[in-house]
Amino acid sequence: METVATENPYGLQAALEQGGLIAQGTFGIMVLMSLISWYIIFTKYWDQRKILQEAAELDKKFWTAPSLKDGAAKLPKDSAFRQLVDDGLRAAEHHEGRLTDKIDQHEWVTMSLQRSNALISSKMQGGLAFLASVGSTAPFIGLFGTVVGIYRALINIGIAGQASIDKVAGPVGEALIMTAVGLAVAVPAVLGYNWLIRRNKDVQEKLNNFAADIHGFLMSGTRAPVTGASAPAAKATPGKA
């Protein structure tokens, strides 16, 4: 016996058609929020991955160079580590270090590296506030669609004079769909936010350590030894820039 495929009268498409502009607008907003959230998650992950990979190769690529300038030349032009080196060298070269200066060279280089590090950190934090906002607001936007769907169900009951299933199934289904969509948008945003924040801490630790090494090298001409049980073997340090 041949079976005839019938369109689901209570699916997403039917709910959007029956819900009108309010349901369609609510659904469109949540779809847009979801797309932007996933874009931020993937792009931030890619940026973090790039920095962590560069950090793992610093001992081989950077600290084996004959000078800081030569080491910086081995790093990509858009590298966060290269930005720290360039800013540190620029600060050291533009400060004469005289006793009559109100700010000595040590503080001058320190402030320059801190400012450069803060700019990188600010860039890495970009977009995370949007993820947090999506995670906190998407369920309420879905709840708005839920309220509208239930309201339409009550109107249908009032018009029909009885709560027949064919009158309330569509609006109630629309309400449940909006709730589900709101949660589907919010949960990845919250998980992505927490995951990226945790990875940002690792990235910031690598940048802070590298900035401290650059500062120590500019002031003393040598890299400070790495301590700790997991510290790698001592590496040759580049000569003075």
Item checked: Residues T26, V181; criterion side chain to side chain contact (heavy atoms under 4.5 Å, CB included); working and verdict -> CA-CA 10 Å; T26 302; V181 172; over 6 Å; no

### Task
Applying side chain to side chain contact (heavy atoms under 4.5 Å, CB included), run through L131 and K44 and close with a yes or a no.
CA-CA 11 Å; L131 289 181; K44 290 301 173 183; over 6 Å; no

T64 vs K74, side chain to side chain contact (heavy atoms under 4.5 Å, CB included): CA-CA, chis, key distance, verdict = CA-CA 10 Å; T64 55; K74 294 183 177 181; 4.2 Å; yes

Worked verdict on Q48 versus N200 for side chain to side chain contact (heavy atoms under 4.5 Å, CB included): CA-CA 7 Å; Q48 292 172 343; N200 263 353; 2.8 Å; yes

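With respect to the salt-bridge test (charged N to carboxylate O, under 4.0 angstrom), the residues D87 and R115 do not qualify. Contact check on D86 versus R82 returns a salt bridge, with a Lys/Arg side-chain nitrogen under 4.0 Å from an Asp/Glu carboxylate oxygen. Under 4.0 Å is where a charged nitrogen must lie from a carboxylate oxygen, and between D202 and R198 at least one such pair does.
Note that OH of Y39 is 10.5 Å distant from CD1 of I36, once rounded to the nearest 0.5 Å. Taking OG from S34 and CD1 from I29, the interatomic distance works out to 13.5 Å, rounded to the nearest 0.5 Å. Rounding to the nearest 0.5 Å places CG of L113 at 11.0 Å from CG of N208. One finds the OG1 atom of T137 at 10.5 Å from the CE atom of M30 (value rounded to the nearest 0.5 Å). If you take CG on L128 and CD1 on I40, they are separated by 7.5 Å, rounding to the nearest 0.5 Å. Between atom OH of residue Y45 and atom CZ of residue R49 there is a gap of 5.0 Å, rounded to the nearest 0.5 Å.
No donor-acceptor distance shorter than 3.5 angstrom exists from the side chain of W63 to the backbone of L58, with no hydrogens or angles considered. Of the possible polar contacts, one joining the S133 side chain to the A129 backbone as a donor-acceptor pair under 3.5 Å is found. Here the side chain of S136 pairs a donor or acceptor atom with the backbone of A132 at under 3.5 angstrom.
A80 and L207 make their closest contact through CB-CD2, 4.0 Å (heavy atoms, listed as atom of the first residue, atom of the second, distance). The shortest non-hydrogen separation linking G135 to A189 is N-CB, 3.9 Å.
Between Q83 and D78 the shortest side-chain heavy-atom distance does not fall below 4.5 Å. By the 4.5 Å heavy-atom criterion applied to side chains, V203 and K206 are not counted as neighbours. Within the 4.5 Å cutoff, no side-chain heavy atoms of E54 are placed close to those of L75. Looking only at side-chain heavy atoms (C-beta outward), F62 and I214 come within less than 4.5 Å of each other. In this structure, I120 and L84 have side chains that are in contact, with non-hydrogen atoms separated by less than 4.5 Å. K201 is not listed as a side-chain neighbour of E205, based on a closest heavy-atom distance of 4.5 Å or more. Contact of the S79 side chain with the K50 side chain is not registered, since no non-hydrogen atoms from C-beta on lie closer than 4.5 Å.
At a threshold of 4.5 Å between side-chain heavy atoms, the hydrophobic network of Ile, Leu, Val, Met, Phe, Trp and Tyr places L191 and V185 in two separate groups. Linking Ile, Leu, Val, Met, Phe, Trp and Tyr whenever their side-chain heavy atoms come within less than 4.5 Å leaves M33 and V190 in two separate clusters. When hydrophobic clusters are built by joining Ile, Leu, Val, Met, Phe, Trp and Tyr residues whose side-chain heavy atoms come closer than 4.5 Å, directly or via intermediates, L52 is grouped together with M124. Taken together through direct or relayed side-chain contacts under 4.5 Å among Ile, Leu, Val, Met, Phe, Trp and Tyr, F144 and V187 form parts of separate hydrophobic clusters. Under the 4.5 Å side-chain heavy-atom criterion for ILVMFWY residues, a single connected hydrophobic cluster contains both F42 and L196.
Using a 3.5 Å distance cut-off with no hydrogens or angles, the side chains of Q204 and N117 do pair a donor with an acceptor.
In this structure F140 satisfies the ring-ring contact (aromatic ring centres under 6.0 Å, His included) test with no other residue, sequence neighbours excluded. Y193 is linked by a ring-ring contact (aromatic ring centres under 6.0 Å, His included) to nothing, counting only residues two or more places apart in sequence or in another chain.
Applying the ring-ring contact (aromatic ring centres under 6.0 Å, His included) test to every pair with at least one member in residues 65-87, sequence neighbours left out, gives these pairs: F81-F210.
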